[in-house]
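Source: prediction; values computed, not measured. Residue indices begin at 1 and follow the sequence shown.
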Amino acid sequence: MKTRQRNIGEEQVLYPNGQPVKAVITNIKSVDKGRTKGTLEEYSIDDYGVTQEFFYKDGISPELTEQRYSRSMIPPEYFSKRAKDFNWTRYHENTDVQKDIGNSFITRFSEYRKQGRGLYISSHTKGSGKTFLACCMANEIIVRYGISVKFITVPDYIELVKEKSDQAREDILRIKDCALLVLDDIGAEGGSKDWITTAVFRLVDFRDKHILPTIYTSNYEMENLPGDERTADRIVGHSVPLVMPEYSVRRSEAKRKTEDFLKGLLKEPAANGQALPNIW
């Protein structure tokens, strides 16, 4: 089944941060690579500029894809990021095993889904790219398979449970029942009150019983996950471990941006075109 053809200059609505934004299609390219058939579209957004390319698979309407994006709760900075946006070379070590696992999860997701099998992305180092990688893969799944995906951190999920409102209960049910869940920072609740560890267990247990795949991210190795042992047992039983290099991409990027900022200030003349005065 082929989706409705869209045209350059046509106005569409995107959801870059969960909120609707008007955009105009500026470029469309057809993609036909074996089983991968669809279109790549670029957009122009006021006060933003030209976006990256969005892939829409034949048989899955762009409107449905946008709805999946908008409801996924994926953080704005990772919204629409895809596998090609994840740069493995910055780790400066061999990451073939990690890439192979991630690639198999995306390209053979139907087989993972049948078994309710997900991924457990871990490293002790904060800022190593665990959440970014999980979101890149989740976005790929949205585009390729058109299924419902949800993202939530464990602390945010706990806050949701605490609310006890009708809306919170509806949100919890959607999180429990989505086709693919990204549960970020599992283990952060370790050593917490009993009701918190119970709430996390019930979420993990529900998805385990209903054969629903989950991508977990954690600063703990899967075998050493703190908290309720029942939670760890269910995660181990249906998760493929993907261990990230112990390297802080976040700190490296922050250092690079600071250096670039300073280089620009030191080399560029002042606003009036004159050299910066020496005040020392």
Report yes or no: does E140 contribute a side-chain atom to a donor-acceptor pair with the main-chain N or O of A83 at less than 3.5 Å? yes
Which residues pass the side chain to side chain contact (heavy atoms under 4.5 Å, CB included) test with S104, not counting sequence neighbours? Y112
Show your working on side-chain contact (heavy atoms from CB on, under 4.5 Å) between R144 and I106 and close with a plain yes or no. CA-CA 8 Å; R144 289 169 179 256; I106 292 168; 3.5 Å; yes
Could you check L203 against V161 for side-chain contact (heavy atoms from CB on, under 4.5 Å), going step by step and ending with a plain yes or no? CA-CA 11 Å; L203 171 60; V161 173; over 6 Å; no
Before giving the answer on side-chain contact (heavy atoms from CB on, under 4.5 Å), spell out for I172 and Y157 the whole-Å C-alpha distance, their side-chain angles and the decisive distance to 0.1 Å. CA-CA 8 Å; I172 288 171; Y157 182 74; 3.6 Å; yes
Residue pairs, two or more places apart or on separate chains, that pass salt bridge (Lys or Arg N to Asp or Glu O under 4.0 Å) and touch residues 220-249: D205-R234, D228-R230
Holding to salt bridge (charged side-chain N to carboxylate O under 4.0 Å, His left out), I want the full list of residues that pass it with K126, two or more places apart in sequence or in another chain. none
Output the distance between atom CG (L160) and atom CG (D156), rounded to the nearest 0.5 Å. 8.5 Å
Write out all pairs satisfying ring-ring contact (aromatic ring centres under 6.0 Å, His included) with one or both partners inside residues 210-265, taking only residues at least two apart or from two chains. F206-H210
Here the pair of heavy atoms bringing V236 nearest to M222 is CG2-CG, 3.6 Å
Would you say the side-chain atoms of R250 pair up with the backbone N or O of S128, donor to acceptor, closer than 3.5 Å? no
Which heavy atom in I211 sits nearest to a heavy atom in Q115, and how many Å separate them? CG2-C, 3.4 Å
Between CG on residue L225 and CD1 on residue I235, distance to nearest 0.5 Å: 5.0 Å
Determine, stepwise, if the pair F105 / L242 fulfils side-chain contact (heavy atoms from CB on, under 4.5 Å). CA-CA 11 Å; F105 185 76; L242 194 164; over 6 Å; no
Got a salt bridge between R82 and D85, using NZ or NE/NH1/NH2 to carboxylate O under 4.0 Å? no
What is the distance from atom CZ of F132 to atom CD of E77, rounded to the nearest 0.5 Å? 10.0 Å
Which heavy-atom pair separates V204 from T231 by the least distance, and what is that distance? CG2-CG2, 3.9 Å
Let me know which of T95, I101, N94 forms a side-chain contact (heavy atoms from CB on, under 4.5 Å) with V97. I101
Correct closest heavy-atom pair for A23 and I45 would be CB-CG1, 3.7 Å
Tell me which pairs pass salt bridge (Lys or Arg N to Asp or Glu O under 4.0 Å) where either residue lies in residues 104-121, with sequence neighbours left out. R108-E111
Expected output: side-chain S218 to main-chain S122 donor-acceptor under 3.5 Å: no
Pair up each side-chain donor or acceptor in residues 173-184 with any protein partner under 3.5 Å, not counting sequence neighbours, and list the distances.
| residue | atom | partner | partner atom | Å |
| --- | --- | --- | --- | --- |
| R174 | NH1 | D171 | OD1 | 3.2 |
| D184 | OD1 | T131 | OG1 | 2.8 |
| D184 | OD1 | T217 | OG1 | 2.4 |
| D184 | OD2 | T131 | OG1 | 3.3 |

